[in-house]
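Owing to the predicted nature of the structure, the values given are computational and were not obtained by experimental measurement. Position 1 is the first residue of the sequence, and the numbers go up from there.
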Amino acid sequence: MAQDKETLILEVARKHFVQKGYAATRTQDIADEAGINKALLHYYFRSKEKLYHEITVRILDTILPRFAKALATEGTFWERLEVIVTSYVNLFQEQPDIPFFIMSELSQKQARFVEELKKRSHHFPAVQGFVLSMHQEMEAGNIRKLPPAQLMLNIMGMTVFPFIAKPIFCTVFEFSDNDFSSLMEERKDIIMNFLKAALKND
């Protein structure tokens, strides 16, 4: 029961922090929506700061292992690239509030976010491994020469930004949530086709 209550508090708090930002979120509002009194909320997390920090930690511990696993996938360069793109899109389909929470964290508590990221540096070799495979493909003449960092920025931009822009996009194009979900499924192939065309060594 205690674990269920803690999970509920975190879910409600995460929603409030994403929608309102850290400064505008009140622990009383979180307690009210979670159906508990404020004293019990403080029993579990002691302060709004610690609650916010716990959500940040859990999000990082959700996304980094998944991305590291995708980057370390065995197979050809193109197979690995497809797994990375699919992993990004699938995660944000499952948890569309993650990009908003990270943006909020970076705008309000960037230094702390970076420190938490550094604590998980054991995931970084997966990135370096993928970069190495890209260099090998370039040296073999299989793909066009491009700084690996630029490729990763392209992937992040094409996969993350649609979820950030969703409220505007769906309003302008009159898309439902189901319409947008279908669009993101289609987008996996569109991104891969775009990357293959951009990296093709003519």
Side-chain angles (χ1 to χ4, degrees), residues 1-72 86-127 156-157 159-172 175-181 183-185:
M1 291 295 292
Q3 184 64 42
D4 291 343
K5 188 64 69 175
E6 181 177 326
T7 300
L8 175 61
I9 292 170
L10 287 168
E11 289 175 353
V12 172
R14 177 165 155 172
K15 183 182 75 172
H16 279 259
F17 285 133
V18 168
Q19 292 178 350
K20 302 176 184 179
Y22 177 82
T25 295
R26 298 171 59 246
T27 53
Q28 184 63 62
D29 293 336
I30 296 171
D32 290 344
E33 186 170 336
I36 61 173
N37 59 51
K38 193 173 177 180
L40 185 58
L41 186 149
H42 284 284
Y43 168 77
Y44 281 107
F45 296 103
R46 288 185 287 179
S47 68
K48 184 172 80 168
E49 174 72 20
K50 290 186 180 299
L51 179 56
Y52 191 79
H53 179 255
E54 180 64 23
I55 293 170
T56 302
V57 166
R58 291 188 179 218
I59 285 179
L60 284 174
D61 287 341
T62 295
I63 63 176
L64 290 180
R66 284 183 66 163
F67 291 161
K69 182 179 179 181
L71 286 162
T86 300
S87 179
Y88 267 71
V89 174
N90 285 349
L91 175 62
F92 299 133
Q93 284 271 63
E94 296 164 15
Q95 302 187 52
D97 64 332
I98 283 181
F100 293 99
F101 187 85
I102 291 177
M103 286 178 62
S104 175
E105 179 77 350
L106 289 174
S107 66
Q108 299 180 62
K109 298 178 179 294
Q110 182 175 343
R112 189 186 65 183
F113 185 85
V114 170
E115 284 304 311
E116 288 296 334
L117 191 61
K118 288 178 179 178
K119 291 177 184 177
R120 292 154 181 81
S121 60
H122 55 281
H123 294 300
F124 295 176
V127 179
M156 291 172 66
T159 56
V160 179
F161 183 75
F163 292 93
I164 296 173
K166 179 185 174 183
I168 299 172
F169 182 88
C170 288
T171 299
V172 172
F175 269 36
S176 67
D177 285 344
N178 287 337
D179 292 333
F180 185 81
S181 181
L183 191 72
M184 291 302 98
E185 286 300 316

Engineer: When you compare the side chain of R66 with that of N90, does any pair of heavy atoms fall below 4.5 Å?
Structural biologist: yes

Engineer: With a 3.5 Å distance limit and no angle check, can you tell me whether Q28 reaches the backbone of K38 through a side-chain donor-acceptor pair?
Structural biologist: no

Engineer: Where is the tightest heavy-atom contact between Y88 and T159, given as atom of each residue plus distance?
Structural biologist: CD2-OG1, 3.3 Å

Engineer: For L71 and A126, work out which heavy atoms get closest and say how close.
Structural biologist: CB-O, 3.7 Å

Engineer: Does any N or O in the side chain of T171 come within less than 3.5 Å of the main-chain N or O of P167, such that one atom is a donor and the other an acceptor?
Structural biologist: yes

Engineer: Would you say the side chain of F124 lies within less than 4.5 Å of the side chain of L117, judging by non-hydrogen atoms?
Structural biologist: yes

Engineer: Take F92 and F100 through the test ring pair (Phe, Tyr, Trp, His ring centres under 6.0 Å) and record every step on the way to the result.
Structural biologist: CA-CA 11 Å; F92 299 133; F100 293 99; over 10 Å; no

Engineer: Assess whether side-chain contact (heavy atoms from CB on, under 4.5 Å) is satisfied between T56 and F101, documenting all intermediate values.
Structural biologist: CA-CA 8 Å; T56 302; F101 187 85; 3.5 Å; yes

Engineer: Should the ring pair Y52 and F17 be called parallel, tilted or perpendicular, given that the plane angle runs from 0 to 90° and is split at 30 and 60?
Structural biologist: perpendicular

Engineer: Taking all non-hydrogen atoms of both residues into account, name the closest pair between P99 and V160 and its distance.
Structural biologist: CB-CG1, 4.0 Å

Engineer: Do any N or O atoms from the side chain of D179 and from the backbone of S176 form a donor-acceptor pair under 3.5 angstrom?
Structural biologist: yes

Engineer: Check whether any side-chain heavy atom of F45 sits under 4.5 Å from a side-chain heavy atom of T27, and report yes or no.
Structural biologist: no

Engineer: Step through the shown structure and confirm whether more than 12 heavy atoms of other residues, nucleotides or ligands are within 6.0 Å of NZ on K69.
Structural biologist: no

Engineer: Roughly how far, to the nearest 0.5 Å, is CG of L183 from NZ of K166?
Structural biologist: 11.0 Å

Engineer: Within the 4.5 Å heavy-atom criterion, are L8 and E33 side-chain neighbours or not?
Structural biologist: no

Engineer: To the nearest 0.5 Å, what is the distance between CD1 on I98 and CD1 on I63?
Structural biologist: 6.0 Å

Engineer: In Å, rounded to the nearest 0.5 Å, how long is the span from CG of L51 to CG of L10?
Structural biologist: 6.0 Å

Engineer: Can you tell me if F161 has over 12 outside heavy atoms packed within less than 6.0 Å of its CZ?
Structural biologist: no

Engineer: Given the ring of Y44, does K5 sit roughly above its face, with NZ or CZ under 6.0 Å from the centre of the six-membered ring and within 45° of the axis?
Structural biologist: no

Engineer: If you measure from CD on E6 to CD1 on I9, what distance do you get to the nearest 0.5 Å?
Structural biologist: 7.0 Å

Engineer: When rounded to the nearest 0.5 angstrom, what is the spacing between CZ in R46 and CG in L41?
Structural biologist: 12.5 Å

Engineer: May I have the step-by-step check of side-chain contact (heavy atoms from CB on, under 4.5 Å) for R26 and K20, ending in yes or no?
Structural biologist: CA-CA 10 Å; R26 298 171 59 246; K20 302 176 184 179; over 6 Å; no

Engineer: Are side-chain heavy atoms of H16 and V12 found at a separation under 4.5 Å?
Structural biologist: yes

Engineer: In Å, rounded to the nearest 0.5 Å, how long is the span from NZ of K109 to CD of E116?
Structural biologist: 12.0 Å

Engineer: Do you know which two heavy atoms are closest between L40 and N37, and how far apart they sit?
Structural biologist: N-OD1, 2.7 Å

Engineer: Could you tell me whether a side-chain N or O of K48 sits under 3.5 Å from a main-chain N or O of Y22, the two making a donor and an acceptor?
Structural biologist: yes

Engineer: Can you tell whether the side chains of E11 and K15 come within less than 4.0 Å, N to carboxylate O?
Structural biologist: no

Engineer: Evaluate the side-chain proximity of R14 to Q95: yes if any heavy-atom separation is below 4.5 Å, no if none is.
Structural biologist: yes

Engineer: For a 4.5 angstrom cut-off between non-hydrogen side-chain atoms, does E105 reach I59?
Structural biologist: no

Engineer: With the side chain counted from C-beta on, respond yes when Q19 and T25 share a heavy-atom pair under 4.5 Å apart, and no when they do not.
Structural biologist: no

